[in-house]
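Keep in mind that the numbers below use all heavy atoms, side chains included, and drop hydrogens, waters and symmetry copies. Each residue takes its place number in the sequence, starting with 1.
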Amino acid sequence: MTLEEKLSFVHWTYHTSDESAKVYMPGVPRLGIPEMRATDGPAGITIHRPSLALPAPVALASTFDDGLARSYGAVIGREGRVFGQDVVFAPMVNSIRVPYAGRNFETFSEDPLVTSRMAAAEIKGIQSQGLIAATKHYAANNQEKNRFSVNVNVDEQTLRERELPGFESAVAAGTGSVMCAYNKVNGQPACGSDELLNKVLKEQWKFHGWVTSDWLATQSTDALTKGLDQELGIELDHEPAPGEPIPGGKFFGDPLKAAIRAGRIPESALDEAVTRIVSQMARFRLLDEDPPARPARDLAGGLKVARQVAEDGAVLLRNEDAALPLTTETAADIAVIGPTAKVPKVTGLGSSYIVPDAASAPLDTIRERAGAGSTVRYSTGEETVGVPVPQSALSAPRPSGEVFPAGEGGVLYDGTITVPATGSYRIAARAQGGNAYVELDGQEPFSAGLVYGDVSSRPMRLAAGTHKLRITGAALAKSPMTFELTWVTPQAAQEAIDRAVSIARTARTAVVFAYDDGSEDGDRTSLSLPGRQDDLISAVAAVNPRTVVVLNTGSSLTMPWLRKTAAVLTMWYPGQAGAEATTALLFGDADPGGRLTQTFPADERQTPFAGDARRYPGVDDELDYSEGIYSGYRWYEQQDAQPLFSFGYGLSYTSFDYRDLKVTAADGGLDVCFTLRNTGTRTGKEVPQVYVGPSPNVRVPQAKRALAAYGKVELRPGESRRLTLRVERRALQNWDSGAHAWVTGPGRQVMVGPSLGRLPLRATAP
């Protein structure tokens with residue numbers, strides 16, 4: 001290859017005339033090397049609209065089912081191949097460290113074992129279809145706030161035990177690519193860290209694929225010598241029109257060419273990067289004279305998997321007096337409340353946003369399942385759009401209708417907004433044909449447009465008087481941009497609650513759908529439900545003791561209304577089969593098979609980050625993982641703090657009994673044997689979990705209890721099964737930073753049960 005041809009491999013470019021090739025590599029036609037195309041994930045294929053919207057990855061992880069994770073990956077792999085893609089930027093395997101993090105819904109767990117197993121299974125599924133998985137974001141990318149600039153200070157043991165296992169598992173599973181992160185790690189850019197990329201990833205783990213950067217995360221040309229093989233992202237100030245010339249890579253384009261010609265960077269480093277990329281293209285048969293044909297779409301098969309994941313990942317958190325499943329009597333008169341009951345919450349927001357082929361409203365599926373003899377009434381309860389902001393409240397003309405012609409952008413509004421009374425307002429924006437950014441009083445703006453749903457809104461408490469409002473935006477190259485600005489006043493919000501309470505008061509059962517908007521580019525500011533939803537649930541539960549709450553949320557949250565409700569069912573962001581899955585669970589046509597992969601704190605003051613800005617969000621772009629290995633449930637255990645719901649928690653419509661534990665050593669690990677029996681009257685699914693305690697022989701920090709093995713079992717009423725769960729050697733090891741190696745500790749206590757909070761079986765490992 002010529003130098004120019006080799007350089008064309010190490011920076012993705014941008015196709016202006018083909019919507020399905022927004023990220024592509026041109027290849028070398030004279031050598032028979034085809035172009036390669038890439039798309040975002042990880043809950044479906046984002047480049048094609050519409051496409052199949054799978055449940056959020058956090059829902060997948062909550063299934064604790066490796067086989068289902070592989071099927072999930074296979075659906076993504078097939079959809080990607082159908083839509084002309086060769087690489088998917090998925091899965092995301094970053095740890096759920098910060099409960100506020102906006103992208104927690106896109107990843108798996110606060111526990112490294114769950115993350116590792118889910119990642120490996122999903123990658124095998126994706127790549128079984130011929131689509132290359134690019135596992136992201138390597139490493140310590142656990143928050144959105146300041147993610148572009150923050151430096152993560154993390155000790156070696158914490159990095160090895162908490163942050164890296166998912167990536168190591170992905171490499172062992174054969175991931176074709178790894179995407180590095182925006183942030184720095186211990187002072188070095190993640191996309192330019194010789195320690196992380198060369199020494200750990202490529203040398204120690206024997207990774208044979210290639211490393212690509214996150215969008216514009218490349219920091220320097222010499223990152224090529226530090227393990228970065230490919231630059232993603234073209235620096236543009238507008239969306240280019242069809243045929244418009246596209247600049248090359250910011251660092252791996254002309255600057256890299258100049259550095260190689262000047263001898264500052266050896267051409268051998270470029271050769272290695274290109275070899276890694278081309279080798280993976282060959283591995284996936286993209287270089288074959290007769291490459292594998294693109295498959296036909298299997299929407300029915302994909303929907304079947306999507307629904308199974310939604311049902312098996314749903315977590316029943318509360319079920320007083322068997323409020324669920326609904327019976328003929330309790331379903332005879334239902335009040336359905338909440339905006340996501342009528343406009344389904346399918347997916348999270350940001351680069352993983354999916355426009356689904358179709359998605360039923362839970363209100364409709366509930367009505368159908370309840371039958372003609374039942375009464376099902378609806379009230380929104382929480383207004384999310386409201387009415388146009390009156391011109392009298394604005395100091396400049398309200399932006400409305402077509403605001404920018406195709407390809408243009410700028411400032412939509414720069415003035416003030418005056419609110420008549422102090423209270424909780426919801427400011428909403430609808431942008432079509434482009435993206436808009438709404439900033440109030442200098443706070444972090446919220447986004448509206450392509451990957452943020454039909455309407456974006458932000459609840460906020462505003463004092464009576466005048467506030468600074470600034471709105472900017474840009475239209476796509478091929479279409480004009482329209483924009484509408486609306487609001488929900490405190491009075492309108494209260495009226496919506498009052499209407500919901502009115503129908504709930506006389507209903508036999510009230511089902512309240514509540515939601516949040518997990519999103520890339522922003523963390524949550526609170527663990528409460530946004531807007532007036534906490535007030536809504538409390539008010540409904542006060543007049544109807546049979547109040548069932550269905551959560552369409554992406555991460556943990558506080559529940560001040562919990563004890564007033566009869567049942568709480570977490571559906572996460574359930575994908576386009578979510579309404580059918582939700583209804584099946586409410587009526588007992590399926591058993592809730594999910595368990596929590598993250599701790600739900602009882603109070604925001606109880607988290608590891610309360611009052612410690614150095615831990616989150618950082619101070620002066622310095623972030624300290626000073627909790628060390630004690631993140632997630634390990635922190636709550638260390639602090640003897642009682643969470644709202646513990647890791648691994650989840651109820652079934654039946655009950656289970658654990659007996660007869662036996663632990664034996666085997667091949668460096670443990671075989672943990674016990675008997676599980678369904679003691680209830682319904683077929684149900686259980687997730688038996690094995691935890692291990694600290695070893696007295698190991699002299700490094702250790703968790704009081706750490707998940708070491710788990711399984712997924714379905715049993716009929718009265719059925720018993722003798723189970724053996726394998727504890728691998730790594731689960732009995734800790735990282736010794738002084739020795740820079742794993743050390744094995746014998747003599748650990750082994751505990752078995754349905755969750756971290758209930759472990760009835762105990763023994764000491766040999």
Side-chain angles (χ1 to χ4, degrees), residues 1-15 21-40 77 80-81 84-90 123 126-127 130-138 167 170-171 173-180 191-192 196-198 201-203 205-215 217-218 221-234 248-253 255-257 259-260 265-288 291-292:
M1 290 185 198
T2 66
L3 178 60
E4 287 74 15
E5 287 170 341
K6 286 188 282 189
L7 286 167
S8 74
F9 284 86
V10 296
H11 63 83
W12 293 99
T13 188
Y14 190 90
H15 208 302
K22 286 296 187 186
V23 176
Y24 90 113
M25 189 189 72
V28 185
R30 75 175 184 88
L31 297 178
I33 300 177
E35 68 175 29
M36 187 162 62
R37 301 181 178 195
T39 180
D40 267 314
R81 293 281 297 153
Q85 304 303 303
D86 305 298
V87 180
V88 62
F89 300 137
I123 288 165
I126 290 171
Q127 297 190 158
L131 191 70
I132 301 171
T135 304
K136 61 185 185 185
H137 310 82
Y138 185 73
F167 294 98
V171 170
T175 187
S177 182
V178 168
M179 175 185 282
C180 52
C191 285
L196 285 174
L197 300 181
N198 281 330
L201 183 64
K202 293 179 176 180
E203 295 174 16
W205 295 349
K206 310 300 181 188
F207 174 57
H208 299 299
W210 84 94
V211 179
T212 190
S213 74
D214 206 337
W215 190 268
T218 304
T221 300
D222 70 353
L224 184 75
T225 65
K226 298 175 181 178
L228 180 64
D229 301 304
Q230 191 177 56
E231 178 180 16
L232 171 63
I234 303 296
K250 181 177 180 180
F251 294 103
F252 282 15
L256 179 57
K257 181 195 293 188
I260 290 173
I265 292 179
E267 191 166 352
S268 60
L270 175 62
D271 293 341
E272 180 185 341
V274 174
T275 298
R276 284 177 172 273
I277 296 167
V278 174
S279 295
Q280 292 302 309
M281 294 179 74
R283 174 189 168 198
F284 285 85
R285 298 183 58 195
L286 301 183
L287 304 184
D288 288 8

Chemist: For Ser213 versus Thr218, what's the shortest heavy-atom pair and its separation?
Modeler: OG-OG1, 3.1 Å
Chemist: Is the shortest heavy-atom distance from the side chain of Val87 to the side chain of Trp12 under 4.5 Å?
Modeler: yes
Chemist: Could you tell me which non-hydrogen atom of Ala133 sits nearest to which non-hydrogen atom of Ile126, and how far apart they are?
Modeler: CB-CG2, 4.2 Å
Chemist: Counting N and O atoms only, with roles assigned by atom type, does the side chain of Lys136 sit under 3.5 Å from a partner on the main chain of Phe89, one being a donor and the other an acceptor?
Modeler: yes
Chemist: Quick one: does Val28's side chain get under 4.5 Å of Pro34's, heavy atoms only?
Modeler: no
Chemist: Hey, does the side chain of Ser279 reach the backbone of Arg276 with a donor-acceptor pair shorter than 3.5 angstrom?
Modeler: no
Chemist: For the residue pair Glu231 and Val10, establish whether any side-chain heavy-atom pair is separated by less than 4.5 Å.
Modeler: no
Chemist: Mind checking the CG-CE spacing from Leu232 to Met25? Nearest 0.5 Å is all I need.
Modeler: 13.0 Å
Chemist: Looking at CD of Gln280 and CG of Asp229, how far apart are the two atoms once the value is rounded to the nearest 0.5 Å?
Modeler: 10.5 Å
Chemist: When rounded to the nearest 0.5 angstrom, what is the spacing between CD1 in Ile265 and OG1 in Thr221?
Modeler: 5.5 Å
Chemist: What distance do Met36 atom CE and Leu286 atom CG have between them, rounded to the nearest 0.5 Å?
Modeler: 7.0 Å
Chemist: Taking all atoms of both residues into account, what is the closest heavy-atom pair of Leu224 and Ala273, and its distance?
Modeler: CD1-CB, 3.9 Å
Chemist: Would you say that Asp40 contacts Lys22 through its side chain, given a criterion of any heavy-atom pair below 4.5 Å between the two side chains?
Modeler: no
Chemist: Do the side chain of Asn198 and the main chain of Thr225 share a donor and acceptor less than 3.5 angstrom apart?
Modeler: yes
Chemist: When rounded to the nearest 0.5 angstrom, what distance separates CD in Glu4 from NZ in Lys257?
Modeler: 4.0 Å
Chemist: In the structure I gave you, are the side-chain heavy atoms of Thr175 and Phe207 within less than 4.5 Å of one another anywhere?
Modeler: yes
Chemist: Check whether any side-chain heavy atom of Leu197 lies under 4.5 Å from a side-chain heavy atom of Tyr138, and answer yes or no.
Modeler: yes
Chemist: Test side chain to side chain contact (heavy atoms under 4.5 Å, CB included) on Asp86 and Phe284 and set out the steps.
Modeler: CA-CA 9 Å; Asp86 305 298; Phe284 285 85; over 6 Å; no
Chemist: In sequence, state the C-alpha distance, the side-chain angles, and the governing distance for Leu287 and Ile33, and then conclude on side chain to side chain contact (heavy atoms under 4.5 Å, CB included).
Modeler: CA-CA 6 Å; Leu287 304 184; Ile33 300 177; 4.0 Å; yes
Chemist: Return the minimal non-hydrogen interatomic distance between Lys202 and Val211, and the atom names on each side.
Modeler: CE-CG2, 4.0 Å
Chemist: If you round to the nearest 0.5 Å, how far is CZ of Phe251 from SG of Cys191?
Modeler: 11.5 Å
Chemist: Checking the side chain of Gln85 only, and the main-chain atoms of Leu131 only, is there a donor and an acceptor separated by less than 3.5 Å?
Modeler: no
Chemist: If we only count heavy atoms from C-beta on, is the Lys6 to Asp271 side-chain gap below 4.5 Å?
Modeler: yes
Chemist: What closest approach, in Å, do Glu35 and Arg37 show between heavy atoms, and which atom pair accounts for it?
Modeler: OE2-NE, 2.6 Å
Chemist: Looking only at non-hydrogen atoms, find the nearest pair between Pro255 and Lys250 and report the distance.
Modeler: CG-O, 3.2 Å
Chemist: Do Trp210 and Ile132 come within less than 4.5 Å of each other through their side chains, counting heavy atoms only?
Modeler: yes
